[in-house]
Amino acid sequence: MSGESTAKEGSKLWGGRFTGATDPIMEQFNASIGYDKRMWKADVQGSQAYVKALLRVDLVTAEEMAAIHEGLERVSGEWASGKFVLQPGDEDIHTANERRLKELIGAPAGKLHTGRSRNDQVATDMRIWLREGITKLRTFVIDLIKVFVGKAKEDIHILMPGYTHMQRAQPIRWSHWLLSYAWMLHRDIQRLDELAVRVNVLPLGSGALAGNPFNVDRDFLAKELSFPQVGSNSLDGTSGRDFVAEFLFWASLTSTHLSKWAEDLIIYSTKEFGFVTLSDAYSTGSSLMPQKKNPDSLELIRGKAGRVFGRCAGFMMTLKGLPSTYNKDLQEDKEAMFEVYDTMCGILQVSAGVLSTLKVNSYACSGALTPDMLATDLAYYLVRKGIPFREAHGLSGVCVSLAEKNECSLKDLKLADFKSVSNAFEEDVNKVWDYEHSVEQYQSTGGTSRACVTEQISKLETWLQQ
């Protein structure tokens, strides 16, 4: 083994014990710099806080601390300006930054890692990076909710069929359908806020697994890095990836909500339905069929939701068989976190664009309403005449069957036909066939009447202002 090879291995953060060269394929297989370089800023912040903590326990001098701090500022500047040059031996962001720091300031750089492990370093970097990412994602979700609420307010007059089992069920307001997704996203915000609390726990100072042997003040570190809590167990601090799994699940559920919404709109935008028209900005054409206008934006939202869930399921499988403390398998956490974050940024912004620019065809929506959708209202009519609901439900069904037998619409039955089913039917049965009247009967909180939908809008607007 040449002295050059030995020196090369020794330059790694873990290299002193090893004397043989690493297989080049293994070097590439082991490296994470290709993706974890995204955490350069968080890594610099963590190191600047840590060297201050080292000064407080006399492990560096004031001059060394100043040199390291200034050197890290220069490293940060190179990353920010795009001038940082990665070297073949930079297997991860921590190695790259420390290597460059040593090139800039020399020997004092070697003291930065005192009592610190890449185990607690990477966990800290990830939490700093993700909490900033959560803030951005939260803004995107809030913006999307605002679009839902604004559209619901604008189109509150539009009636449409509500569907169960993909069959026309009962008349509802278009706005009521929109707000059902706004409330899903409202819960997604609640879950994201809860996740942010658990992300914001400091692992730095946990060392490789046993803790810090130099009595570094972790509360000081937490204050420097704006963490309200310090991790209580060093084993858990270095290996815990619950926060990543939770983030992936949050993204899976949020994207599932938007996938369902996208599926609805894909159906509503077909010529068979014609309820909505998508903007050209969020549609594409066919390379063969000139008449086609494809809802690619919505299809991609639907498709990418599956990809997000795949990342979540895959990472859970990575975690399930691990023994305690840090294992290299956990390197798989970052690609999943980064990819899902990027995907969610796209899904949320495109969703807002699609919804804010689509046009609702109110005539097609109301034109899809049919009298048979008021069969339940017919039962309610009988209930208001004093007939128990279960009996009224059966009598309404008999009326439906009678209309089918007569090959006519339910509302085209004569009063005599209704009376042949029940003497409770009177002339005022004709009022049942008013769709506006139908939706307005749902006055209980959460219903589809104008008052209830307006109340939902008001609640969401109040919450958004907070």
Side-chain angles (χ1 to χ4, degrees), residues 11-14 31-57 59-87 89-136 199-207 212 216-218 220-227 230-231 237-238 243 331 333-334 337-338 341:
S11 68
K12 296 181 181 295
L13 296 185
W14 46 268
S32 59
I33 188 64
Y35 46 87
D36 68 17
K37 62 185 178 182
R38 293 181 64 162
M39 300 191 298
W40 65 264
K41 185 177 180 181
D43 193 69
V44 168
Q45 290 172 345
S47 292
Q48 287 180 324
Y50 192 71
V51 74
K52 290 181 183 178
L54 292 178
L55 176 64
R56 290 166 64 90
V57 290
L59 289 173
V60 294
T61 66
E63 292 75 16
E64 289 170 331
M65 189 278 287
I68 291 171
H69 197 278
E70 174 59 28
L72 288 168
E73 281 294 315
R74 292 171 65 185
V75 170
S76 179
E78 289 182 5
W79 278 112
S81 64
K83 295 179 181 178
F84 191 99
V85 179
L86 291 171
Q87 300 298 333
D90 294 341
E91 63 180 275
D92 54 42
I93 187 59
H94 326 298
T95 307
N97 281 348
E98 189 167 327
R99 183 265 309 161
R100 182 57 179 147
L101 178 66
K102 186 175 181 179
E103 291 173 352
L104 292 171
I105 69 170
K111 292 190 174 184
L112 176 59
H113 211 57
T114 305
R116 184 174 67 165
S117 165
R118 283 189 297 177
N119 295 355
D120 61 343
Q121 187 176 2
V122 69
T124 302
D125 289 1
M126 289 179 68
R127 287 174 183 268
I128 292 173
W129 188 92
L130 184 55
R131 73 182 180 187
E132 292 181 2
I134 285 173
T135 299
K136 190 171 183 179
V199 169
N200 218 8
V201 179
L202 179 72
L204 189 58
S206 297
N212 189 286
V216 163
D217 188 343
R218 297 189 66 208
F220 169 79
L221 286 170
K223 185 177 180 180
E224 284 289 305
L225 293 170
S226 301
F227 280 90
V230 172
T238 55
F243 69 99
Q331 185 163 294
D333 55 10
K334 286 170 283 298
M337 181 178 73
F338 295 145
Y341 169 80

**Complete:** Heavy-atom nearest pair, Ala31 first then Gln331, reads O-NE2, 3.8 Å
**Request:** Take Glu103 and Arg99, measure what salt bridge (Lys or Arg N to Asp or Glu O under 4.0 Å) needs, and give me the verdict at the end.
**Result:** CA-CA 6 Å; Glu103 291 173 352; Arg99 183 265 309 161; 3.1 Å; yes
**Request:** State the NZ-CG distance between Lys52 and Leu225, to the nearest 0.5 angstrom.
**Result:** 9.0 Å
**Message:** Please find the pair of heavy atoms, one from Ser47 and one from Leu112, that lie closest to each other, and give the distance.
**Reply:** O-CD1, 3.6 Å
**Message:** Ignoring hydrogens, what is the shortest heavy-atom contact between Trp40 and Ser76? Give both atom names and the distance.
**Reply:** CZ3-OG, 3.3 Å
**Asked** Just checking, is any N or O donor in the side chain of Gln45 or Glu224 under 3.5 Å from an acceptor N or O on the other one?
**Response** no
**Item:** From CZ (Arg74) to CG (Leu104), nearest 0.5 Å
**Value:** 4.5 Å
**Prompt:** Arg100 versus Asp90: any side-chain heavy-atom pair under 4.5 Å?
**Reply:** no
**side-chain hydrogen bond (donor to acceptor under 3.5 Å, both in side chains) partners of Thr238, counting only residues at least two apart** = none
**Complete:** Sorted by chain and number, sequence neighbours left out, side-chain hydrogen bond (donor to acceptor under 3.5 Å, both in side chains) with Asn97 holds for Asp43, Trp79
**Request:** Provide the closest heavy-atom pair for Gly115 versus Asn212 in the form atom of the first, atom of the second, distance.
**Result:** O-ND2, 3.2 Å
**Arg118 versus Thr95, closest heavy-atom pair with distance** = NH1-OG1, 3.8 Å
**Prompt:** So do the side chains of Met337 and Trp129 get within less than 4.5 Å of each other, counting heavy atoms only?
**Reply:** yes
**Item:** Within-4.5 Å side-chain heavy-atom neighbours: Lys102 and Glu98
**Value:** no
**Asked** Yes or no on side-chain contact (heavy atoms from CB on, under 4.5 Å) for Lys111 and Leu54, after CA distance, side-chain angles and deciding distance?
**Response** CA-CA 9 Å; Lys111 292 190 174 184; Leu54 292 178; 5.5 Å; no
**Fill in**
The reported gap from CD in Gln48 to NE2 in His69 (rounded to nearest 0.5 angstrom) is 4.0 Å
**Atom pair CG/CG of Asp125 and Asp120 - distance to nearest 0.5 Å** = 9.5 Å
**Prompt:** Side chains of His113 and Gln121: does their closest heavy-atom pair fall under 4.5 Å?
**Reply:** yes
**Message:** Can a donor-acceptor pair be found, under 3.5 Å and without considering hydrogens, that links the side chain of Asp92 to the backbone of Ser32?
**Reply:** no
**Message:** Working to the nearest 0.5 angstrom, can you tell me the gap between Ile93 CD1 and Lys41 NZ?
**Reply:** 13.5 Å
**Request:** Mark yes or no: Arg131 above the aromatic ring of Phe227, with NZ or CZ under 6.0 Å from the six-membered ring centre and no more than 45 degrees from the axis.
**Result:** yes
**Item:** Side-chain touch Arg218/Ser206, heavy atoms, less than 4.5 angstrom
**Value:** yes
**Request:** Taking the side chain as every heavy atom from C-beta outward, state whether Arg116 and Leu204 have any atom pair closer than 4.5 Å.
**Result:** yes
**Request:** Supply the atom-to-atom distance Met65 CE to Leu59 CG, rounded to the nearest 0.5 angstrom.
**Result:** 13.0 Å
**Salt bridge present between Lys334 and Asp36 (N-O < 4.0 angstrom)** = no
**Request:** Considering non-hydrogen atoms only, spot the tightest contact between Ile105 and Gly71 and give its length.
**Result:** CG2-CA, 4.0 Å
**Request:** Examine distances only and state if a side-chain atom of Tyr50 and a backbone atom of Leu221 form a donor-acceptor pair shorter than 3.5 Å.
**Result:** no
**Item:** Distance under 6.0 Å and angle within 45° of ring axis: Arg127 vs Phe243
**Value:** yes
